[in-house]
Amino acid sequence: MSQFEFISKKPEDTIAFSERLGSLLQPGDVLALEGDLGAGKTTFTKGLAKGLNITRNVNSPTFTIIKEYQGRLPLYHMDVYRVEDSFEDLGFDEYFEGNGVTVVEWAHLVKEQLPEELLTIYLYLDDNDSRKLVLEPQGKRYEELCKEIML
C-alpha cells in the first residue's frame, strides 16, 4: 500500500492542501480522517469544502453525527466519535454510495461499515501549528488522486 506525506506548517497550509484535494473529488468519493483531538480534522474539512465551492461555515458535527453542505458536490461530514456501536445502522452506505463526497472523522470506529476503496488521511501533531498529513489510498482511484494532489 502506498503512502503519501504532506507537511503543513500552519493551518492555512492544511486548508490550501485540502482545498486542492476538494477541487479534484468526484461523486461517491469517501475520505476517512484520523487524528487526535486538535490534530486538524475539522480544519482539513473546511479546506475540502472550499474546494467543493461550499460557502457555508463548516464545523464539527460532533453532536449531530452528520452535517450536509451543498456546493459543486454535496459534502457529507460525519463525526462518529460518539457512535457507541460500530454496527449501529445509521444509513452510512446511502452516503457512501450517493452523489456527494463523504468525510468521516474517527473512521476507525465504524471500520466495518466503510467501503473497501477510500482515502484514509492521518493527521499528526508535530510542533506548535505544524502537522504531518499521511495519505493512504485504498483503490486505484485514490492512488491516482494522491499522485495528482502531490504534484
Side-chain angles (χ1 to χ4, degrees), residues 4-86 88-111 113-115 117-138 141-142 145-146 148-151:
F4 301 84
E5 290 187 10
F6 174 77
I7 301 298
S8 168
K9 297 200 181 295
K10 56 187 184 275
E12 293 80 11
D13 293 344
T14 301
I15 288 173
F17 180 82
S18 58
E19 181 177 358
R20 176 163 155 63
L21 176 60
S23 72
L24 300 171
L25 294 176
Q26 300 173 0
D29 282 344
V30 176
L31 283 69
L33 298 185
E34 298 289 353
D36 291 332
L37 288 171
K41 294 181 295 295
T42 300
T43 298
F44 183 91
T45 305
K46 286 180 182 198
L48 205 68
K50 281 180 73 173
L52 291 167
N53 299 327
I54 293 168
T55 56
R56 272 183 53 209
N57 183 43
V58 171
N59 51 34
S60 181
T62 302
F63 296 102
T64 57
I65 301 177
I66 301 171
K67 286 190 176 179
E68 296 183 23
Y69 302 92
Q70 294 301 316
R72 174 178 64 81
L73 296 171
L75 172 63
Y76 310 122
H77 184 198
M78 302 177 181
D79 183 332
V80 297
Y81 186 75
R82 299 198 186 294
V83 173
E84 293 182 15
D85 181 358
S86 66
E88 185 176 345
D89 185 11
L90 297 171
F92 291 150
D93 54 336
E94 294 174 26
Y95 291 97
F96 299 150
E97 297 167 11
N99 61 349
V101 171
T102 305
V103 173
V104 184
E105 294 187 25
W106 304 99
H108 70 279
L109 297 173
V110 293
K111 185 177 180 178
Q113 296 186 46
L114 296 173
E117 294 193 4
L118 54 71
L119 176 59
T120 302
I121 302 168
Y122 298 91
L123 292 98
Y124 298 102
L125 295 165
D126 272 354
D127 55 11
N128 298 326
D129 286 338
S130 184
R131 303 287 188 271
K132 178 167 76 169
L133 284 66
V134 177
L135 289 69
E136 283 187 1
Q138 283 96 35
R141 155 85 182 123
Y142 298 103
L145 183 62
C146 285
E148 188 168 352
I149 190 74
M150 299 309 288
L151 290 178

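The chain is numbered in sequence order, starting from 1. Atoms considered below: every heavy atom in the structure, side chains included; atoms not considered: hydrogens, waters and symmetry mates.
- When the side chain to side chain donor-acceptor pair (under 3.5 Å) test is applied to Arg141, the partners found at least two apart in sequence or on another chain are Asp29.
- A donor-acceptor distance shorter than 3.5 angstrom exists from the side chain of Lys41 to the backbone of Asp36, with no hydrogens or angles considered.
- A pairwise comparison of heavy atoms in Thr14 and Ser8 identifies OG1-OG, 2.6 Å as the closest pair.
- Nearest heavy atom pair, residue Met150 against residue Glu5, reads CE-O, 2.8 Å.
- In this structure, Leu24 and Arg72 approach most closely via the heavy-atom pair N-NH2, 4.3 Å.
- For the atom pair CD1 (Ile66) and OH (Tyr76), the distance works out to 10.5 Å, reported to the nearest 0.5 Å.
- In this structure, Leu37 CG and Trp106 CH2 are separated by 4.5 Å, a value rounded to the nearest 0.5 Å.
- Across every non-hydrogen atom of Ile7 and Ser130, the tightest pair is CG2-OG, 4.2 Å.
- Considering only heavy atoms from C-beta on, Glu105 comes within 4.5 Å of His77 through its side chain.
- Tyr69 and Val58 make their closest contact through OH-CA, 3.6 Å (heavy atoms, listed as atom of the first residue, atom of the second, distance).
- Separating the CG atom in Leu48 from the CG atom in Leu25 is a distance of 5.5 Å, to the nearest 0.5 Å.
- Using a 4.5 Å heavy-atom threshold, the side chains of Tyr124 and Glu34 count as separate.
- Side-chain contact check for Ile121 versus Leu21: some heavy-atom pair is nearer than 4.5 Å.
- Ser18 pairs by the side chain to side chain donor-acceptor pair (under 3.5 Å) definition with nothing, not counting sequence neighbours.
- Summarising the geometry, atom CG belonging to Asp79 is positioned 9.5 Å from atom OG1 belonging to Thr45; distances are rounded to the nearest 0.5 Å.
- Lys67 places none of its side-chain heavy atoms less than 4.5 Å from the side chain of Leu75.
- Looking at every heavy atom in both residues, Ala39 comes nearest to Leu125 through CA-CD2, 3.8 Å.
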(request) Would you please test Glu117 and Val30 for side chain to side chain contact (heavy atoms under 4.5 Å, CB included) and show each step? (result) CA-CA 8 Å; Glu117 294 193 4; Val30 176; over 6 Å; no
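- To the nearest 0.5 Å, the span separating OG1 on Thr43 from CG on Asp13 amounts to 12.0 Å.
- Taken from CZ in Phe44 to CD1 in Ile15, the straight-line distance is 11.0 Å, to the nearest 0.5 Å.
- Distance alone, capped at 3.5 Å, places no donor-acceptor pair between the Arg131 side chain and the Pro11 backbone.
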